[in-house]
Amino acid sequence: MEPVQPLTPRVLCSVLSVKSHSCEVTLDSGRALLSWKEVRPRRGRERSRAGACLAQAFQRVRGLTGTLTHRLPSAGHIVPVSEIVSVGEADVDEKYYGMQWKHMCKPHAFTVHYVQRMKKHRWRCKAVTFWCSDEQLYCHWLQALNDLLEQLACRPKRLLVYINPYGGKKKGRQIYEKKVAPLFCLASITADVIVTEYANHARDNIYEVNLDKYDGIVCVGGDGMFSEVLHGLIGRIQKDSDVDHNNPKIPLSRCYMRIGIIPAGSTDCVCFATVGINDPVTSALHIILGDSQPLDVSAVHNKKTLLKYTVSLLGYGFYGDVLKGSEKNRWLGPARYDFSGFKTFLSHRYYEGTVSFQPAKWAVGSPRDNVCCTAGCYICRQSSKQLEEQQRAETYGLQHNEQEENWTTVKGKFMSINIVVMSCACPRSPKGLSPAAHLADGTADLILVRKCSRLNFLRHLIRHTKSNSDQFDFPFVDVYRIKTFQFTPKHSEEDDSESTDLGNIGKKNFAQICTDHPTCGCSQLNSVWNCDGETLEQTAIEMRVHCQLIRLFARGIEDSHKEDDEMPSRV
Ligand SMILES: Nc1ncnc2c1ncn2[C@@H]1O[C@H](COP(=O)(O)OP(=O)(O)OP(=O)(O)O)[C@@H](O)[C@H]1O
Ligand SMILES: CCCCCCCCCCCCC/C=C/[C@@H](O)[C@H](CO)NC(=O)CCCCC
Ligand SMILES: [Ca+2]
């Protein structure tokens with residue numbers, strides 16, 4: 001028996017068996033595609049021989065390679081090699097396949113595990129087993145597939161994993177062990193796992209560990225856990241490259257080591273907004289395939305001190321108060337945000353202060369253009385390119401340095417001030433706080449919600465949950481695409497003559513008695529900043545976006561054309 005049917009040197013084509021069907025299986029190395037389709041749907045007499053031996057089937061098709069295209073193919077499958085998780089020898093279950101294989105001396109089988117897209121950006125790992133009677137042919141297929149997988153250099157082989165056992169519903173450890181570790185094992189990824197013992201354990205550990213040993217860092221937890229890893233990695237890279245991150249104007253060194261997020265938190269906004277769903281298996285598969293998504297990061301400073309980095313929400317007023325209220329009820333798990341959200345809504349507070357910002361002039365998009373960030377986003381590519389050109393021109397003195405120019409100032413009473421680097425889509429708000437914000441365009445969207453009635457604020461909030469309504473379409477809401485931002489609460493402005501002198505404001509914020517809100521009885525003049533789910537001590541802050549500072553094991557949100565229950569890769 002001639003084992004291989006090479007159509008061209010780069011195409012391997014054989015008839016192999018899948019379950020009880022004879023399939024034409026093709027591996028096109030040039031296009032990096034694996035496909036299979038049933039050779040001929042059985043009819044009449046043939047159907048009665050449903051369990052016919054593969055040797056005969058193989059014999060029938062051998063020599064007919066040239067005429068295979070004339071056969072009527074039933075629906076087939078196409079899987080890009082880049083979406084194959086692993087290929088391996090399969091156990092030959094003689095009991096199950098007894099009928100089919102009884103005439104053969106020794107059947108051979110290999111299994112291909114691959115990604116299948118389900119609805120709503122969910123991915124699953126599917127398996128298909130190909131059978132044949134010829135050992136040489138079997139070896140050839142295994143070798144050819146594994147050779148192609150070896151060439152995928154972007155795939156991680158060794159990962160450092162941090163698990164927060166207390167995030168979200170406290171299921172981080174279980175999620176990793178049951179859903180993620182088996183997939184990593186299947187993909188031959190080795191992982192060093194650290195279950196954190198205290199807050200900031202992961203952040204501090206990243207400063208000490210030998211990062212050269214790893215192809216990426218994975219965090220199992222929510223946005224807070226991701227933020228820990230983010231701070232550890234950015235901090236470590238700046239330290240190693242001698243960059244003073246306390247200087248708000250200094251360009252930061254980019255981090256090329258990718259971070260993977262296995263969602264096990266309460267909001268899981270970073271995961272949701274970069275993958276399209278908060279599903280541990282989907283995220284594990286993105287890590288295995290070696291996806292890479294650059295992400296903007298904002299640095300938040302008070303005077304000459306770095307306070308925090310943020311990638312999702314930097315929110316003052318409503319979201320600051322929700323967070324502050326929720327901390328007392330951590331025991332409620334994810335429900336703490338709903339409870340605190342309801343209470344905060346009822347309290348209906350507004351806060352006074354001055355917002356200043358520089359618009360992102362180079363940006364290709366705008367916050368109300370309805371162009372959402374998708375995998376391989378054109379807006380991100382164009383905007384980051386233009387930003388680089390602008391920065392280069394500034395460096396060589398060809399263009400005026402814009403750092404101190406073009407500031408816009410808005411003074412007023414605000415229900416909420418939100419700065420988002422990404423859309424902030426999450427299960428509570430599937431389109432997010434700013435649906436057209438971009439992951440890697442070097443900008444943030446600033447949303448100002450000025451003092452309004454309770455009813456109007458509710459209408460604004462509710463629009464976050466609906467896909468076809470515009471939460472910015474209110475006279476009391478303004479949205480801008482920006483690169484830098486400053487906030488000075490009214491209280492500090494009165495005390496300090498210079499609006500950018502941030503002073504000792506934090507200490508005084510909560511010592512005041514609220515005179516503006518006699519009905520609500522609140523005892524605070526200032527809100528707090530919610531920085532990716534953590535409160536900041538200072539109220540007067542400045543912020544700058546750093547374009548594509550980090551990379552995630554993600555690819556952005558893929559365009560989904562189909563809303564079927566299952567979206568198999570059928571031709
Ligand atoms: N072992 C630990 N003990 C206590 N706190 C921890 C531990 N490990 C991590 N943390 C802290 O727990 C905080 C919350 O964790 P995480 O983000 O995983 O869950 P969450 O707050 O429920 O979810 P989300 O951030 O998505 O709302 C993080 O800020 C992290 O620093
Ligand atoms: C009457 C119905 C009104 C419903 C309004 C829903 C609007 C929801 C928008 C949610 C935006 C989340 C932004 C992400 C913030 C995260 O960095 C942070 C840490 O995980 N989470 C929160 O602060 C938790 C924030 C939780 C807010 C409720
Ligand atoms: Ca952005």
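Computed from a predicted model, the values in this text were never measured in an experiment. Read the numbers this way: they start at 1 and go in the same order the structure lists the ligands and their atoms. When reading the values below, keep in mind they use all heavy atoms of this one structure, side chains included, and skip hydrogens, waters and symmetry mates. The first residue in the sequence is number 1, and the count goes up from there.
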TODO: Mark up the atoms of ligand 1 that fall under 4.0 Å of a heavy atom belonging to Gly221, in ascending order.
DONE: 18 (O)
- [ ] Run the numbers for me: atoms of ligand 1, each under 4.0 Å from some heavy atom of Asp268, listed by number.
- [x] 26 (O)
Nearest protein heavy atom to [atom], by residue and atom, and its distance?
{"atom": "atom 1 (N) of ligand 1", "result": "Thr196 O, 3.0 Å"}
{"atom": "atom 20 (P) of ligand 1", "result": "Ser266 OG, 3.6 Å"}
{"atom": "atom 19 (O) of ligand 1", "result": "Gly167 CA, 3.4 Å"}
{"atom": "atom 14 (C) of ligand 1", "result": "Arg330 NH2, 3.6 Å"}
{"atom": "atom 3 (N) of ligand 1", "result": "Tyr166 CD1, 3.3 Å"}
{"atom": "atom 17 (O) of ligand 1", "result": "Gly224 N, 2.7 Å"}
{"atom": "atom 18 (O) of ligand 1", "result": "Gly222 N, 2.7 Å"}

So, does [X] sit close enough to ligand 1 that a heavy atom of it is under 4.0 Å from the ligand?
{"X": "Arg336", "value": "yes"}
{"X": "Arg203", "value": "no"}
{"X": "Tyr337", "value": "yes"}
{"X": "Gly168", "value": "yes"}

May I ask you to decide whether [X] forms a salt bridge with [Y], counting only side-chain N to carboxylate O separations under 4.0 Å?
{"X": "Asp291", "Y": "Arg258", "result": "no"}
{"X": "Asp321", "Y": "Lys343", "result": "no"}
{"X": "Arg124", "Y": "Asp279", "result": "yes"}

Open item on the list: Let's go through Gln471 and Lys431 carefully: what are the C-alpha distance in whole Å and the side-chain angles of both, what is the deciding distance for side-chain hydrogen bond (donor to acceptor under 3.5 Å, both in side chains) to 0.1 Å, and is it a yes or a no?
Closed with: CA-CA 11 Å; Gln471 63 255 45; Lys431 60 179 184 168; 3.1 Å; yes
Table please: side-chain donor-acceptor pairs of residues 260-269 below 3.5 Å, with sequence neighbours left out.
| residue | atom | partner | partner atom | Å |
| --- | --- | --- | --- | --- |
| Ser266 | OG | Arg336 | NH1 | 3.0 |
| Asp268 | OD1 | Gly265 | N | 3.0 |
| Asp268 | OD2 | Gly265 | N | 3.4 |

- [ ] Identify which of Val229, Asn164, Val220, Ile163 has a heavy atom lying nearest to atom 9 (C) of ligand 1.
- [x] Asn164
TODO: Counting heavy atoms only, name the option from Met225, Glu228, Glu534 that's nearest to atom 30 (C) of ligand 1.
DONE: Glu228
Considering residues, nucleotides and ligands other than [X], do more than 12 of their heavy atoms fall under 6.0 Å from its [atom1]?
{"X": "Asn210", "atom1": "CG", "value": "yes"}
{"X": "Tyr207", "atom1": "OH", "value": "yes"}
{"X": "Arg173", "atom1": "CZ", "value": "no"}
{"X": "Tyr166", "atom1": "OH", "value": "no"}

- [ ] Dump the intermediate steps for side-chain contact (heavy atoms from CB on, under 4.5 Å) on Tyr316 and Trp529, then the final yes or no.
- [x] CA-CA 5 Å; Tyr316 184 80; Trp529 284 100; 3.4 Å; yes
Open item on the list: So, with waters excluded, how many protein N/O/S atoms does the Ca ion (ligand 3) have closer than 3.0 Å?
Closed with: 5
Extract all N/O-N/O pairs under 3.5 Å that connect ligand 2 to the protein, and present each with both atom names and the distance rounded to 0.1 Å.
| residue | atom | partner | partner atom | Å |
| --- | --- | --- | --- | --- |
| ligand 2 | 17 (O) | Ser312 | OG | 2.9 |
| ligand 2 | 20 (O) | Asp223 | OD2 | 2.6 |
| ligand 2 | 20 (O) | Thr267 | OG1 | 3.1 |
| ligand 2 | 21 (N) | Thr267 | OG1 | 3.3 |
| ligand 2 | 23 (O) | Asn530 | ND2 | 2.8 |

- [ ] Report the part of His201 (side chain from C-beta onward, or backbone N, CA, C, O) that has a heavy atom under 4.0 Å from ligand 1; answer both or neither where that applies.
- [x] neither
Task: N/O donor-acceptor pair under 3.5 Å between Asp296 side chain and Gln548 backbone - done: yes
Open item on the list: Please verify the inter-ring angle class for His460 with Phe476; under 30° counts as parallel, over 60° as perpendicular, anything in between as tilted.
Closed with: perpendicular
- [ ] Identify, with sequence neighbours excluded, every residue that meets side chain to side chain donor-acceptor pair (under 3.5 Å) alongside Asp445.
- [x] Ser434, Arg481
Open item on the list: Determine whether Glu352 and Lys411 satisfy the following criterion, side-chain contact (heavy atoms from CB on, under 4.5 Å), listing intermediate values before the conclusion.
Closed with: CA-CA 8 Å; Glu352 298 191 59; Lys411 201 169 174 170; over 6 Å; no
Task: Nearest heavy-atom neighbours spanning Thr274 and Ala554 - done: O-CB, 3.8 Å
Task: Matching residue for Phe357 among Phe485, Tyr480, Phe487 - test: ring pair (Phe, Tyr, Trp, His ring centres under 6.0 Å) - done: Tyr480
TODO: Assess whether side-chain contact (heavy atoms from CB on, under 4.5 Å) is satisfied between Phe342 and Asp338, documenting all intermediate values.
DONE: CA-CA 6 Å; Phe342 183 65; Asp338 302 314; over 6 Å; no
